[in-house]
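Just so you know, ligand 1 is whichever comes first in the structure, and atom 1 is the first atom listed for that ligand.
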Amino acid sequence: MGAAVAVPGAGPADAAARRRIGRWLLLVCLMVWIMVALGGATRLTGSGLSIMEWAPLSGTLPPLSEAEWNRLYDLYRTIPQYALVNQGFGLEGFKRIFWLEWVHRLWGRLIGLAYALPLLWFWARGRIPAGLKPRLLLLLALGGLQGVVGWVMVASGFEPDRTTVSPYRLVAHLGLALLLYAALLWTALSLLQPAAPAAREEEAAGTRTLRRWVRVAAGLALLTMLAGGFVAGLRAGLDYNTFPLMEGRLVPRGYWWLEPAWRNLTDNVAAVQFNHRLLATLTLAAAAGAAVVAWRGGRGAAREEAARRRRLALGLLGAVALQYALGVATLLLVVPVWLGTLHQAAAVLVLTVALVALHALRPARAAPEAAR
Ligand code: HEM
């Protein structure tokens with residue numbers, strides 16, 4: 001993400017093209033964000049295993065005849081989730097869980113189009129800066145890979161004795177979505193704000209310290225999100241529905257009892273939930289630390305620079321605090337669909353605010369024509 005994007009020339013036409021490409025990528029970011037929320041709703045309503053075929057083209061249309069509905073329903077009746085969870089819910093019940101998964105996949109196809117068509121258009125008209133082309137192609141490949149990982153995840157839910165997908169694959173699917181989103185957003189920001197503001201010497205030191213704190217908070221937030229994927233994958237939010245104690249203890253009984261030890265990170269409900277809480281708390285502390293640094297470190301800086309740093313740090317603290325509160329509420333209310341979906345979507349808000357802050361605080365570069 002940090003690689004330089006060389007921008008040929010500095011003419012107004014180039015600048016306009018960069019802005020247009022940047023805005024298009026922001027739109028794709030918004031679509032990916034909505035996709036993350038849709039994915040959460042699909043998972044939480046138990047809809048994700050309803051379509052048992054991988055049909056990138058023909059699956060665009062929903063069933064159009066009763067015979068086609070029955071064919072898909074018959075397929076679904078062969079998997080353990082039907083027998084163990086939804087036995088006898090009938091074609092009407094099947095249709096209820098079908099639609100969200102279908103919309104999730106359709107939205108994925110639309111993101112593909114919203115990315116590929118403008119890419120072709122900009123490319124054909126020679127508007128894409130040369131250094132940007134490999135990155136845009138890589139983003140296209142990552143998007144395609146995300147579709148494949150999504151299918152590999154869904155397929156794990158059809159295995160004998162399983163009624164849900166593999167938590168590892170769920171985390172891979174979530175992690176790749178976050179990576180794709182982050183790469184799109186960083187590229188868009190780099191196009192829209194190609195040059196980091198040059199800071200005076202005494203200001204640069206303050207920016208460096210703040211940048212370190214924001215980096216730590218962003219890294220911890222990312223780990224918290226991946227840990228949250230395991231909470232979701234193991235349905236660990238249905239247990240220990242108290243906060244801050246877990247069954248009356250700060251560290252739950254049975255923390256770290258599995259062998260080999262690493263399995264506790266992914267398979268042990270108590271540990272997975274505790275780790276998510278712990279990482280979230282560390283993220284909140286790091287974001288609060290960044291806010292304090294921005295407040296204190298502003299003294300040597302010019303007024304606007306000090307205000308800019310405070311805005312960035314407070315924005316991050318606000319987003320993390322909101323997400324923390326949503327997480328606690330999700331847990332206390334035993335994961336209602338709407339709140340679980342909101343908690344999943346707000347994770348992307350945290351990522352967005354962290355990346356915007358890191359981008360705004362990036363070091364000024366010597367070469368004015370390069371964007372990082
Ligand atoms: C920095 C703060 C936090 C972040 C960034 C965060 C992020 C996430 C993410 C990304 C997920 C996974 C959704 C998925 O699989 O796709 C998740 C799930 C979850 N989180 Fe958090 N979380 C935070 C704080 C908390 C806190 C403080 C709690 C409760 C004490 C909490 C409780 C939960 C629960 C119960 C789930 C599972 C919900 C479900 O099954 O859908 N989170 N979190």
Side-chain angles (χ1 to χ4, degrees), residues 32-48 104 146 149-150 153 164-182 214 216-247 250-252 266 269-290 316-355:
V32 173
W33 193 336
I34 293 173
M35 186 69 167
V36 172
L38 273 174
T42 304
R43 174 175 57 75
L44 286 157
T45 51
S47 306
H104 185 59
Q146 174 68 340
V149 171
M153 173 187 75
T164 55
V165 300
S166 144
Y168 296 100
R169 296 187 193 185
L170 182 88
V171 171
H173 191 50
L174 175 70
L176 191 55
L178 298 176
L179 176 70
L180 180 61
Y181 180 86
V214 173
V216 171
L220 284 167
L222 205 59
L223 284 179
T224 309
M225 288 173 207
L226 296 179
F230 281 108
V231 179
L234 288 188
R235 304 188 168 210
L238 304 180
D239 287 309
Y240 304 101
N241 300 98
T242 52
F243 186 84
L245 300 184
M246 297 173 72
E247 281 186 342
L250 203 55
V251 180
T266 57
V269 168
V272 160
Q273 201 200 105
F274 177 78
N275 292 342
H276 186 55
R277 292 176 182 219
L278 180 64
L279 284 165
T281 307
L282 292 175
T283 308
L284 189 62
L316 181 62
L317 179 59
V320 172
L322 172 73
Q323 174 67 342
Y324 197 97
L326 284 174
V328 173
T330 304
L331 186 73
L332 296 184
L333 298 177
V334 199
V335 198
V337 171
W338 68 273
L339 202 46
T341 305
L342 198 58
H343 185 54
Q344 180 153 325
V348 181
L349 175 71
V350 173
L351 184 61
T352 306
V353 177
L355 287 172

> Please work out whether any backbone atom (N, CA, C, O) or any side-chain heavy atom from C-beta onward of Val36 is under 4.0 Å from ligand 1, and answer side chain, backbone, both or neither.
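For Val36, no heavy atom sits under 4.0 Å from ligand 1.
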> Could you tell me which atoms of ligand 1, counted from 1 in the order shown, lie closer than 4.0 angstrom to a heavy atom of Gly237?
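Counting from 1, the qualifying ligand atoms are 35 (C).
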> For Asn241 and Leu332, what are the C-alpha separation, side-chain angles and deciding distance, and is it a side-chain contact (heavy atoms from CB on, under 4.5 Å)?
CA-CA 5 Å; Asn241 300 98; Leu332 296 184; 5.6 Å; no
> Sort out for me which residue in Val36, Val32, Ile34 forms a side chain to side chain contact (heavy atoms under 4.5 Å, CB included) with Val348.
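Exactly one option meets the side chain to side chain contact (heavy atoms under 4.5 Å, CB included) with Val348, and it is Val36.
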> Under 4.0 Å from ligand 1, counting heavy atoms only, is it the side chain of Ala232, its backbone, both or neither?
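For Ala232, backbone and side-chain atoms both sit under 4.0 Å from ligand 1.
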> If only atom types and distance count, is the side chain of Arg43 paired as donor or acceptor with the main-chain N or O of Gly48 below 3.5 Å?
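No; zero donor-acceptor contacts below 3.5 Å.
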> Does any N or O of ligand 1 fall below 3.5 Å from an N or O anywhere on Thr283, backbone included?
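No, since none of the N or O atoms of Thr283 sits under 3.5 Å from an N or O of ligand 1.
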> What is the minimum heavy-atom distance between Trp33 and Ala345, and which atoms define it?
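The pair with the smallest heavy-atom distance is NE1-O, 3.1 Å.
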> Under a 4.0 Å heavy-atom limit, does Val350 contact ligand 1 with its side chain, its backbone, both, or neither?
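Within the 4.0 Å criterion, Val350 makes no contact with ligand 1.
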> Quick check: Phe230 with Tyr168 (ring centres under 6.0 Å apart)?
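Judged by ring-centre distance (under 6.0 Å), Tyr168 and Phe230 do meet the cut-off.
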> Distance under 4.0 Å to a non-hydrogen atom of Arg277: what atoms of ligand 1 satisfy this?
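Taking each heavy atom of Arg277 in turn, ligand 1 has 30 (C) under 4.0 Å.
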> Among all the protein's non-hydrogen atoms, which is closest to atom 38 (C) of ligand 1, and how far away is it?
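Here the closest protein heavy atom is Val335 CG1, 4.0 Å.
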> Of all the atoms in ligand 1, which lie at a distance below 4.0 Å from a heavy atom belonging to Phe243?
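Result: 30 (C).
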> When you check the side-chain N and O atoms of Thr224 and Thr283, is any donor under 3.5 Å from an acceptor?
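Yes, Thr283 and Thr224 have a side-chain donor paired with an acceptor closer than 3.5 Å.
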> If hydrogens are left out, which of His343, Gln344, Gln273, Arg235 has an atom nearest to atom 22 (N) of ligand 1, that is, the closest non-hydrogen atom?
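Shortest heavy-atom distance from atom 22 (N) of ligand 1: His343.
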> Looking at every heavy atom in both Gly237 and Leu331, which two are closest together, and how far apart are they?
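Answer, listing the atom of Gly237 first, then Leu331: O-CD1, 4.0 Å.
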> Of the protein's non-hydrogen atoms, which lies at the shortest distance from atom 25 (C) of ligand 1, and what is that distance?
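Going atom by atom, the protein heavy atom closest to atom 25 (C) of ligand 1 ends up being His276 NE2, 3.6 Å.
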> Where the side chain of Gln323 meets the backbone of Val350, is there a donor-acceptor pair that is under 3.5 Å apart?
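No; judged by distance alone, with no hydrogens or angles, the pair does not exist.
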> Which atoms of ligand 1 sit under 4.0 Å from any heavy atom of Tyr324?
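Contacts of ligand 1 toward Tyr324, numbered from 1: 27 (C).
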> Contact between Gly229 and ligand 1, counting heavy atoms under 4.0 Å?
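Within the 4.0 Å threshold, so yes.
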> Begin from the C-alpha positions of Val269 and Arg235 and carry the test side-chain contact (heavy atoms from CB on, under 4.5 Å) through to its verdict.
CA-CA 8 Å; Val269 168; Arg235 304 188 168 210; over 6 Å; no
> Nearest protein heavy-atom contact for atom 37 (C) of ligand 1: which residue, which atom, what distance?
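I find the closest protein heavy atom is Val231 CG1, 3.5 Å.
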> If you compare all heavy atoms of Val231 against all heavy atoms of Val272, which two are closest, and at what distance to 0.1 Å?
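For Val231 and Val272, the tightest heavy-atom pair comes out as N-CG1, 3.5 Å.
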> Can you sort out which atoms of ligand 1 are near Ala347, meaning under 4.0 Å from one of its heavy atoms?
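Every atom of ligand 1 under 4.0 Å from some heavy atom of Ala347: 10 (C).
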> Using heavy-atom distances, let me know which of Gly175, Gly327, Ala286 sits nearest atom 28 (C) of ligand 1.
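Looking at heavy atoms only, the winner is Gly327.
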> Would you name the heavy atoms of Met153 and His173 that are closest together and state the gap between them?
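Heavy atoms of Met153 and His173 come nearest at CE-CD2, 3.6 Å.
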> With backbone taken as N, CA, C and O and side chain as the heavy atoms from C-beta onward, which portion of Met225 lies under 4.0 Å from ligand 1: side chain, backbone, both, or neither?
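The answer is both, backbone and side chain.
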> Which residue from Met246, Arg43, Gln323 reaches closest to atom 41 (O) of ligand 1 through any of its heavy atoms?
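Residue with the shortest heavy-atom distance to the ligand atom: Arg43.
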> If hydrogens are left out, which of Ala37, Pro167, Ala280 has an atom nearest to atom 24 (C) of ligand 1, that is, the closest non-hydrogen atom?
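Ranked by closest heavy atom to atom 24 (C) of ligand 1, first place is Ala280.
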